[in-house]
Every structure is written in C-alpha cells, then in structure tokens.
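Note that the structure is predicted; figures quoted are calculated from it, not measured. Here is the naming used below: chain letters follow the sequence lines, and residue numbers restart at 1 for every chain.
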Number of protein chains: 2
Amino acid sequence: MGKMVTIYDIAREAGVSPATVSRMLTGNAKVSEEKRKRITELIRAYDYKPNALAKGLRETKSRVIGMILVDFVNPFYATLLSSCEKEARKRGYSLIVTSTLGDRELEDAYLDTMCQQRVATIVMVGGRSDELAPDEGYVGHVKRIAESVPVVTNGYLGGAEGCRVRLDEEKAAELAVEYLRDLGHREIAFIGGKGEIRSTVEKRLKYAQLLMQNGLPTRKEWIVDGPGYDDKSGYEAMRKLLALPCRPTAVIAVNDFTAAGAAHAIWEEGLGIPEDFSLVSFDDTYVSNLCRPRLTSVSYDLEEFASRLIGSAVDIAHGRKIEQNQVVEPKLVVRDSCKQYGGG
Amino acid sequence: MGKMVTIYDIAREAGVSPATVSRMLTGNAKVSEEKRKRITELIRAYDYKPNALAKGLRETKSRVIGMILVDFVNPFYATLLSSCEKEARKRGYSLIVTSTLGDRELEDAYLDTMCQQRVATIVMVGGRSDELAPDEGYVGHVKRIAESVPVVTNGYLGGAEGCRVRLDEEKAAELAVEYLRDLGHREIAFIGGKGEIRSTVEKRLKYAQLLMQNGLPTRKEWIVDGPGYDDKSGYEAMRKLLALPCRPTAVIAVNDFTAAGAAHAIWEEGLGIPEDFSLVSFDDTYVSNLCRPRLTSVSYDLEEFASRLIGSAVDIAHGRKIEQNQVVEPKLVVRDSCKQYGGG
DNA sequence: AAGCGATATGAAATCGATTTCAAAAAAATA
DNA sequence: TATTTTTTTGAAATCGATTTCATATCGCTT
C-alpha cells in the first residue's frame, strides 16, 4: 500500500507549519483566509485523510464506540444494531461490534479488546450484565473495565461509571396480560425461554403477579420454559401446553420466534389462531408480520432505545452530564392473533 | 476516566526499558526468564492494556477490518456479519461495521471513514460494487480508496488492489430451475426485486437461459420484479402472477422474504403450497424454516463465505499471497414447498 | 587469559496528529 | 509615530508502542 499523505506533507507543500494545518482541520483556532484556501486546495488535491489512530492516541480516546450484543441474527438485536449504527454515525462515531452468543469468556475477552482499542464508550446489551444475578467475578470485571472506559448497558451496572438504559419489561408484560384480560381471557399461559435472563424473569414475574391481582386462575403448568429462544423452543413449549388436560385459551410468548413456533404446534394439532388460541408475543420484529395471522406483539421503539444508548455513550465520552437511569416504555401493536374470548 | 497504565509504567516498575517490555509482549525478541517473570507479574498486577492506537500508529495499520454491508436486519447479511465477526476474532481482528441501506453517498463517506480509521482491509458485500454496472464515479472512488486500503468484495473490484469473493448466482439459479424441471414443472415464473442488482440479474438471466435450453415455455409476464426485497414486494409480485390468464405452476423467488410474501398471496387466493404452486427461494435464511410449509431454498454456506472474505482480508493485510478470484458454490436445501407436477 | 561470536538490553527515533508556549505579525490605541 | 493589544503562526513536546542501532553481557573457544 502506498504511503499515505500526512499533515506534514500538506504543511510542507503549503509552506506552513503542521500546526496550522491541524488548526484548520480541527477548527480549534483561527487560520488566515489565504492559507486556509491554499491548505484546503492541497487536501483535496492530495486526497489527504487524517489518521484517526494518531488523533486518537493524542487525545487518549478514539471516536469509536464498542458494542457488545448477544446475537446479530436475532432481528431484535439486528434492528437495534442498525439503529445504533445510524445514531453513532450521526454523531461522528463508528461502531466496533461483537456478538457473544452468551459466551461469558468471550464477553470478558471482548471487554478487554475494546478497552485496548481505546473505544470512547462500551455499549452492552444483553449478555451477562443482563442476567438476573450476575456473579461476583463478572461484576468485578465490569467495574474494573469501567475504570478505564465508561459503560452503557441495559443490565446491571454495579456502580461502575456509565449509565443504564433499561426496557420496561414489567410494563410490557402488563400490556400483554391486560390486553388478553380485556378480551375476556381468563386462562392465560406464558412461554419463556432458557435461563434466568432478566428480561424473561421480569416478564414472567409480572405475568404471575397480574394474574393474581386480577383474580385469574394461576397454574404452574401454564408457565413453560422452552430450551431456548427460537421457534423450536416455542414449538416444544406449546406442545406441552397442548398436552395439558386443562388448556389455556391464550398464550403469551417471550418473543416472536417462540410465538411462531407455538403457532406451528397449534396448527399441527388442527387448531387455529385466533379461533382456538389467542397469541401475544414480545419484541415486534418483522417476524410478527411474517406470520399468518400476523402476531399481536408488544413493541419497543428501538430507534428510541438506540438513540438513548448511543446518545448517552457519546455524552459520557464528552464529559457531559447524563441521566443515570433511563427507561424505554413499550407499547402494544395489535394485529390478528387474538380475539375476544367466547365472543365473535 | 483514570489514566491508563502504559508500557513505561511497567518498565519503570520492573526496572527495565520500555523496549524490553515491548519485546516481551510482541515476542519479537528474547527476554531473559528473570525479567520476563517480573514483567508478566506487573502486567497482571496493574491490569495493563496495550494501547492499540499507539500500536496501530507505529505499524501504520490497525488490527481492525472495516465491513460495509447493505443491511444488518436482513438475516442473510446478519448471519454473514455474525460469521465474519467470528472469523475476524479467530484471527485477532476486530470489526468496524456500517450498513448503507443502498445509500451511495453513505457508502462513499464510509469508505473514507474507514480509510481514516486505517483499517487493515475493507470488506464490502452488496451495495454499489454489487450493481450490474457501477458508474464511473464509483469505480474511481474505490480505486482511489484501494490505493491506501485493500478491498475485498463480492462485487466489482475494478482492478483495485484486493480480491473478489463472489457467490455463484448462476449456479444457484440452475439448482432452482433444474430441481423444478426434474419435478416435471414446465411453467416456471421468476420473482425478482428492485433495481439492477447483480445477484438478481445474474439469476434472472440464467433462469431465462435455462428455460430456453430445456425447451420450457418462456413468457415475459412470468418474470416479475417487486418494488423491493421484502415480503410485501413478493406479495405484490405474486398477485400479478395470480392475475395472469396463464398461471405458472412453479415460482422461483429471489429471496426468502419475497417467497414468504408470495406464499401469503397464494393463501389469500385460497390456494395451497405445494399443492397448487411449487415455490423455491434463495438464501436459505431462518425465514425459510419459519414458513409453513418450510421453503425449499438455495443455500450458500455463509461460514465459508465469511471465512473466505475475512481470511483474504487478513492475508492481504499481512502481505500474503491470495487467490484473486474466489467463488462460493450454492447447494439446494429441499424442504416442503415443492411437489411433483401432476404426480402424487 | 585473551578474543570471538551470540544474546540480551537500553537509548533514541519513529508513527501522525494536537497543543502549549513563545514569538512574530497585524491591528488598535494613544 | 510609538506603543499596546490582539491575532496568526511555528517550534517542539506529547500521546504509547515498536524498532533500529549500538553497547553491554555472557559463554565459549583456543
């Protein structure tokens, strides 16, 4: 690769000092109109590209945000990533990304890598910080990292420098349960996923609590956790529900994939949605539009989520004051997978 | 943020020169066992994290690969991204990513940004380089960029330094057409998407050519381009096919989303898959498993694609010789969306 | 014990941009 | 016009790691 042209080359050609060129580029000080013109011209002519590494070194941090997600393929995260990238770009930042697929060691390793990369901020969504009870080791690790790089997460921050932007999972559960209740359903099941992920646990707990508060029947068998978070997991969970002597009339599934899987199990049984079962999912990804009938789903505004995550990340990097605790509220998107119980 | 500890700090504490610490870290030269121990100990104790910016500056390039994709949300690219990230990590590289959503200016801007970031290589999949006839301006831009940073792409490289890893779209079309032909179908339609995207054009051309070669009827109305690449686009395209006086018996859709949309149009008409229409899609994302019936789809091994893209990117960065032109072959994944024509 | 090559080490230059500090030039004031 | 104030500018230090080159240290040979 040909040597790249540097600020020195430009300065020499323009007959000024590198400092002057730098000042022009950053706008940190005035430069006489005459030199300004000459320099601008040369920059164009030589196709000069400022070296971000040198700049980052000098300023002890880069204009890059490190983003750690559980999974790029899941459309919820894919959409979030897409929005985050747009937000970052808008603010003049780039995104270094990694997906951990739940691998703890990897998460640790990548926190480290990003630290070495001297990213301005680390944004972490899902993963260990999002478990119900992150272990001691993890908390310490994040804390240690956060001594060098601020962290923005939707999960547990543990007093580290940074901020938290969480999704209101309880409100989400409430929207689902109350919608079904208002439709006249009394027998409502809940399909969860693997592990004690905070988002799942919070929904499940709220679901159970709301059934009680509303005087609806609660049954242990109506809370089923599949082996994962994909359609197969939902399928298996629904099969268990279908095998029950006392079937529910409505099902809440922890995400669109599990809901789609549940739908397949229902069809396989020769039953229909919403005729025989009403179905509500969470996340409102494009999958809920791809299913027939289209799934009624609880939706988070991912643009808002992204804007808060990246906005906070950038604000922290620039030493601005930010809200330590932010919450994104869900809303219900009604489609075709539910109907009035007993009614038309 | 607290100052980070540097190689100087470690050196001072260990009573050696920074050079020695560096040599130990990089392994570029021998260091006596005694100092080695002392240094290792201190690095642990101080939680020293080498500054990748400084390293990159010194070595005039970073261990980061810049990745430009059209769209993170599309599961084809999401999966590719996921695989690429894994491949990069395996080789000690990080990924800076951006999605252009087809915006040309953005693509140009981001080529620039990554250049400034001094990424080791730029990997570009989809987007302008992947158009059938990239315009002069674009070709020049890539060429100029490629003078500073090598480029790996699935599309047009235009003699720039780098390499090309393409998907064999023609073979993919062949697998689809021949499969349907072997099932006895003679009336086969093709649903494309918006614009003259190379991948689409190549498939469509091959499809048309194969119909001729096989003596199957060809009709202009059987080639329909939707307004995009999503399910709605496929839906609209299929409605046009359904409105035809002479309907085809099989449909090839340019990706899983358009296929899913086409399926909905078919159901809406009260018809069934595969009873009334056989349906083959491309890409074989999880969407083809999410549909009922599951879609028969032409699949690319994205792990191989990713491995070739990132492998080449890293090899080029290290000045190793690489194959200038690589091809990834597709295979057909048979599921439940096709059946013998006329037969059982 | 003197001389030789092989190793381990340190001092200093380097990568490219920013910034401090001081000097020079320009503008404003007396 | 002389003097002060303000604005532009350049020289040099800095960010943190790597590497070249020279020197010190060691073991080995004769």
Side-chain angles (χ1 to χ4, degrees), chain A residues 1-39 42-43 46-64 92 113 115-120 148-149, chain B residues 1-39 42-43 46-64 92 113 115-120 148-149:
Chain A
M1 301 283 78
K3 280 265 141 299
M4 305 228 60
V5 357
T6 73
I7 207 170
Y8 291 94
D9 300 324
I10 302 294
R12 180 166 21 76
E13 292 297 305
V16 300
S17 78
T20 305
V21 180
S22 170
R23 281 190 265 256
M24 211 212 84
L25 252 33
T26 59
N28 286 346
K30 297 244 145 65
V31 172
S32 71
E33 195 49 44
E34 166 226 350
K35 315 204 175 204
R36 165 166 252 107
K37 231 176 226 150
R38 225 172 334 138
I39 295 171
L42 284 162
I43 285 179
Y46 282 83
D47 194 25
Y48 164 72
K49 299 206 190 346
N51 185 325
L53 296 172
K55 180 172 176 142
L57 173 59
R58 178 63 225 250
E59 297 179 340
T60 70
K61 80 172 49 152
S62 63
R63 288 177 85 80
V64 173
T113 304
C115 221
Q116 295 189 14
Q117 224 72 254
R118 298 299 191 266
V119 297
S148 340
V149 182
Chain B
M1 301 285 79
K3 280 266 141 300
M4 303 228 62
V5 355
T6 73
I7 207 170
Y8 292 93
D9 300 323
I10 301 293
R12 182 167 18 79
E13 293 296 307
V16 300
S17 78
T20 304
V21 180
S22 171
R23 281 191 265 256
M24 211 212 82
L25 251 33
T26 61
N28 285 345
K30 297 245 147 63
V31 172
S32 71
E33 195 50 45
E34 167 227 349
K35 317 206 174 201
R36 167 166 249 107
K37 230 175 226 150
R38 221 165 346 131
I39 295 171
L42 283 163
I43 286 179
Y46 281 84
D47 194 23
Y48 165 72
K49 299 207 191 342
N51 185 327
L53 296 172
K55 179 171 178 144
L57 173 58
R58 177 62 224 251
E59 299 179 339
T60 69
K61 80 172 45 149
S62 61
R63 288 177 84 81
V64 173
T113 305
C115 220
Q116 295 188 15
Q117 225 71 254
R118 297 301 191 266
V119 297
S148 342
V149 183

[X] [atom1] - [N] [atom2] separation (whole Å):
| X | N | atom1 | atom2 | value |
| --- | --- | --- | --- | --- |
| A:Tyr48 | C:dG16 | OH | P | 10 Å |
| A:Tyr8 | C:dC15 | OH | C1' | 9 Å |
| B:Met24 | C:dT9 | CE | P | 12 Å |
| A:Lys55 | C:dG16 | NZ | C1' | 12 Å |
| B:Arg12 | D:dA17 | CZ | C1' | 16 Å |

Seminar exercise, completed: Readout for nucleotides 4-12 of chain D: B = base within 4.0 Å of protein heavy atom, S = sugar-phosphate only, - = neither; 5' to 3' it is ----SBBB-

Problem set entry | N or O in side chain of A:Asn51 less than 4.0 angstrom from C:dC15 OP1/OP2 | no

Ignoring hydrogens and geometry, is there a side-chain-to-backbone donor-acceptor pair from [X] to [Y] under 3.5 Å?
| X | Y | result |
| --- | --- | --- |
| A:Ser62 | A:Arg118 | yes |
| A:Thr26 | A:Ser22 | yes |
| B:Arg36 | B:Val31 | yes |

Exercise. Who passes salt bridge (Lys or Arg N to Asp or Glu O under 4.0 Å) against A:Glu34, sequence neighbours left out?
Worked result: A:Arg38

Seminar exercise, completed: dist A:Tyr46:OH -> A:Glu13:CD (nearest 0.5 Å) comes out at 3.5 Å

Seminar exercise, completed: Considering only heavy side-chain atoms of A:Asn28, the closest of C:dC15, C:dT19, D:dC15 is C:dT19

